[in-house]
**Q** 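This is the structure I have questions about; it appears just below.
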Amino acid sequence: MTRRSTISSHLSGLFLDLADIFDPPLRLTVSEAAERFRYLNNPGSYVGPWRNAETPYLVEPADCLTSRALSGVVFVGPAQSGKTDGLILNWIVHMAVVAAGDLIMYSPTMAMAKDFSIRRVARMLRHSPAVGERLLAEASADNLFDKQFRNGSMLSLSWPTATQFAGRPVMRCALTDYDRMDDDIEGEGSPFDLAVKRNTTFGSFGMTLAESSPSREITNLQWIAGSPHEAPPCEGILGLYNRGDRRRLYWPCPRCGTFFQPEFDTLVWEPADNPTEAAATARMQCPSCAYRIAFRERDGMLAKAVWLKDGERIVDGRRVGTPRRASIASFWLLGTAARFTTWAALVEKYILAEKDAEQTGSEEALRTFWNTDIGKPYVPKRQQNQRLPETLKSRAEFVAEKEVPEGVRFLVATVDVQTNRFEVQVFGVLPGAPFDTILVDAFPIIKSLRQDDDGDTLWVKPAAYLDDWFLLRDQVIQKSYPLAGRPWQRMRVKMVGCDSGGQDGATANAYEFWRRMRIEGLGGRLLLLKGEPIRTAPRWRIGYPDAQRKDKLTAARGDVPVLFLNSNLMKDMLSGRLENTEPGKGMFRVPAWLPDSYYAQLCAEVRTAKGWENPGRRRNEAWDLAYYALGLLISSPIGAEKIDWTNPPGWAAPWDQNDLVFAGETDSFAPEVKPAYDFRKLGRALAGAEER
């Protein structure tokens, strides 16, 4: 070949490589480009052009990758869902054929990046001629970690290190198997945030994609979802999902048309000794009409499925609601909707994983099932048995705040003494076998009647100032509440139980406050409480701490009754009531007006071999006040367990006969001040007289 012909050949190749640069741009989305240019060659599975109808749930997230209104796309999904093919590989197709611009893809390790290059990218380029022919002809343009295309685009295959995230800007970044990456890359930040920095200079053209199955543990089991689509608090991919607009897939019931999420919990099957036989009966039960959907109907539902953002819902076939706004489009697909698995296969894996956990004590098979096959974080069994705030919140009752609900016979209040406040809860008691309770009011007492030199109100200090305790008289002991439906009638609080422990000084003030209330005629409405974690102690006992005992109760003179409660037994009792969901059978009922923090406090403590403990050191006043209330109710001053509700005492009678119900629109209880008699002191005086 002559030199002239050699130069001519090189120029022809160069012009051919540059030809695509001058072609008019194609107006195709990522999903459209895949159907037009991608070809699959998977013998034994599928050979033919890419079809979006196979995985219709990937169309919307794939097309979001070209949205200039978004900066990122996050996809949470199980294995067998096609997420890597439908998002990352199809995005590469779009880059090479439709929209020029570099793309860098990060795998968790260098070895995985190498495998992805050989097993996924090279095969895709080889079997999709319309894409593969876009590679530059030079050998240097097609190596293991870099691919250069005729339209000027470059694909780089990398892994997450500080060095790999540094360097020149890149328009597009993709992170696969995100939960297998470190949360912090050499102290410089998360992989997603480092990737975002690489494309910020491209403005609205920059895009970052992250996809993965979830594998991280829930960081706070006391979490309560703040919205229907919010994910539990986790690091990794679910943390990214929560940053976005939180889209979930809904599909319609073939019978009633109601749209619902395909949760694994909606699958039902017939029990059988053989897991395969049991799994063969798997059906999905519609939460609305209870129709049992056969697996053969799944494709029809997938074709009609829609992604709804947090805040949206389907009503009468129409999308309504206010969608969550975010610069990240985030998607969470569950395994029951994944295209390349069956409901029978999922059920069989679940049954086998449960049996493995029972036989070996290892929960790894269950963890893999929930993370990989279903696409949800796994809660270990030792933690599944713990009470969850959202469970309690789900059965809250819609009753008015600070009002006596219908059916309540009497009220009790409990007080927890803190460093700079009193925490108060008021409970209504309803007939039952055993009795029910329902919260009527919950509030702190924070401000005292004392003022500083500038006239500003000072905080309550129970350990330092006896005067602050009289706020309990005015705001709790003498408190009354309007009856539901009868605002012209009110019910007084029957009795108040107040914590007598706490800081040095608080106990002394508690004892002295009780003595003052006795003088004012209110001693019968106040009972001091103290927890007693001794295993052999009775559920409750009334004691009179004596000053001769060498303990912290230096204010005791043997004249103040204190209700001692076996804290472990009472907390066991409370735990059982919180699990009870049947009214009239000892149910602990809660109103819907409570904040989420209340439910979290009821779940702060867990039962261990040593007793009830608060491992997270979380706030637990609601829990303490609730078990105080139970102790107060079963003790001798009230004896709620022994009340004959067909012939109760006057203070526990129905409203029309109740001694604690009075006519009035405001508190008007003015107790009669009676002389205080100290019978112990009188006895000692009489004994001394006899000796003389």
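All values reported here derive from a predicted model rather than from experimental measurement.
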**Q** For the residue pair Asp373 and Thr341, confirm or rule out a side-chain donor-acceptor distance under 3.5 Å.
**A** no

**Q** Between Asp183 and Arg216, is the closest basic N to carboxylate O distance under 4.0 Å?
**A** yes

**Q** Does the plane of the ring in Tyr350 sit parallel, tilted or perpendicular to the ring in Phe369? Use 30° and 60° as the thresholds.
**A**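 Tilted: the ring planes of Tyr350 and Phe369 meet at 30° to 60°.
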
**Q** With the threshold set at 4.0 Å, does a side-chain nitrogen-carboxylate oxygen contact exist between Asp85 and Lys83?
**A**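 Salt bridge between Asp85 and Lys83, a charged N being under 4.0 Å from a carboxylate O: no.
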
**Q** Does the side chain of Asp102 pick up a donor-acceptor pair with the side chain of Ser153 at under 3.5 Å?
**A**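 On atom types as modelled, these side chains do not qualify, holding no pair under 3.5 Å.
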
**Q** So, do Trp159 and Tyr106 have ring centers that fall under 6.0 Å from each other?
**A**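 For Trp159 and Tyr106, the ring centres are not under 6.0 Å apart.
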
**Q** Given Arg243 and Glu230, is the salt bridge (Lys or Arg N to Asp or Glu O under 4.0 Å) satisfied, shown in steps?
**A** CA-CA 10 Å; Arg243 292 195 202 178; Glu230 183 181 3; over 6 Å; no

**Q** Shortest non-hydrogen contact from Ala210 to Tyr178?
**A** CB-CD1, 4.2 Å

**Q** Write out all pairs satisfying ring-ring contact (aromatic ring centres under 6.0 Å, His included) with one or both partners inside residues 27-70, taking only residues at least two apart or from two chains.
**A**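 Counting only pairs at least two positions apart or across chains, no ring-ring contact (aromatic ring centres under 6.0 Å, His included) contact touches residues 27-70.
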
**Q** For Asp177, check salt bridge (Lys or Arg N to Asp or Glu O under 4.0 Å) against everything at least two apart and list the hits.
**A**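 Scan of Asp177 (salt bridge (Lys or Arg N to Asp or Glu O under 4.0 Å), adjacent residues dropped) gives none.
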
**Q** Please test Glu390 against Lys393 for salt bridge (Lys or Arg N to Asp or Glu O under 4.0 Å), starting from the C-alpha separation and ending with a verdict.
**A** CA-CA 5 Å; Glu390 61 266 30; Lys393 183 178 180 180; over 6 Å; no

**Q** Side-chain contact, heavy-atom cut-off 4.5 Å: Ser81 with Arg339?
**A** no

**Q** Which atom names give the shortest non-hydrogen contact between Arg27 and Glu32, and what distance separates them?
**A**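 So the minimum-distance heavy-atom pair works out to O-OE1, 4.1 Å.
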
**Q** If you define the side chain from C-beta out and look only at heavy atoms, does anything of Cys253 sit under 4.5 Å from Cys289?
**A** yes

**Q** Check the pair Glu211, Thr84 against side chain to side chain donor-acceptor pair (under 3.5 Å), reporting the backbone distance first and the verdict last.
**A** CA-CA 8 Å; Glu211 60 86 6; Thr84 305; 3.1 Å; yes

**Q** Apply side chain to side chain donor-acceptor pair (under 3.5 Å) to residues Glu605 and Asn620 and explain how you reach the verdict.
**A** CA-CA 8 Å; Glu605 295 196 14; Asn620 65 345; 2.8 Å; yes

**Q** Taking all non-hydrogen atoms of both residues into account, name the closest pair between Pro591 and Tyr599 and its distance.
**A**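 Reported closest heavy-atom pair: O-OH, 3.2 Å.
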
**Q** Report the C-alpha separation of Gln285 and Thr266 in whole Å, then their side-chain angles, then the decisive distance to 0.1 Å, and conclude whether the side chain to side chain donor-acceptor pair (under 3.5 Å) test is met.
**A** CA-CA 5 Å; Gln285 184 166 295; Thr266 61; over 6 Å; no

**Q** Between Asn371 and Ser215, is there a side-chain donor-acceptor contact under 3.5 Å, judged purely by atom types and distance?
**A** no

**Q** Under a plain distance cut-off of 3.5 Å, with no hydrogens placed, do Glu363 and Tyr378 share a side-chain donor-acceptor pair?
**A** yes

**Q** Assess whether side chain to side chain donor-acceptor pair (under 3.5 Å) is satisfied between Arg246 and Ser227, documenting all intermediate values.
**A** CA-CA 10 Å; Arg246 303 174 185 170; Ser227 63; 3.3 Å; yes

**Q** For residues 316-323, tabulate all N or O donor-acceptor pairs below 3.5 Å that involve a side-chain atom, not counting sequence neighbours.
**A**
from	atom 1	to	atom 2	distance (Å)
Arg319	NH1	Trp307	O	2.9
Arg319	NH1	Glu312	OE1	3.2

**Q** Which atom names give the shortest non-hydrogen contact between Ser158 and Gln164, and what distance separates them?
**A** OG-OE1, 2.6 Å

**Q** Output side-chain donor-acceptor pairs under 3.5 Å for residues 272-280, partner residues at least two apart or in another chain, one line each.
**A**
from	atom 1	to	atom 2	distance (Å)
Asn274	OD1	Thr276	N	2.8
Asn274	OD1	Glu277	N	3.3
Thr276	OG1	Glu348	OE2	2.7

**Q** Relative to the ring of Phe264, is the ring of Trp269 parallel (under 30°), tilted (30 to 60°) or perpendicular (over 60°)?
**A**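 The arrangement is tilted - the two ring planes meet at 30° to 60°.
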
**Q** If a pair satisfies ring-ring contact (aromatic ring centres under 6.0 Å, His included) and one of its residues is in residues 207-236, list it, with sequence neighbours excluded.
**A** His229-Tyr250

**Q** Quick one: closest heavy-atom pair of Leu194 and Gly189, and the distance?
**A**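 Where Leu194 meets Gly189 most closely, the heavy atoms are CD1-O, 3.8 Å.
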
**Q** Stepwise, does the salt bridge (Lys or Arg N to Asp or Glu O under 4.0 Å) test hold for Arg248 with Asp310?
**A** CA-CA 8 Å; Arg248 300 277 192 98; Asp310 206 349; over 6 Å; no

**Q** In terms of side-chain heavy atoms, does Arg180 have a donor or acceptor partner in Ser212 at a distance below 3.5 Å?
**A**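 Yes, Ser212 and Arg180 have a side-chain donor paired with an acceptor closer than 3.5 Å.
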
**Q** Under the side chain to side chain contact (heavy atoms under 4.5 Å, CB included) test, which residues partner Ala79, sequence neighbours left out?
**A** Thr372

**Q** Do you know the tightest heavy-atom contact between Pro61 and Val73?
**A** O-CG1, 4.0 Å

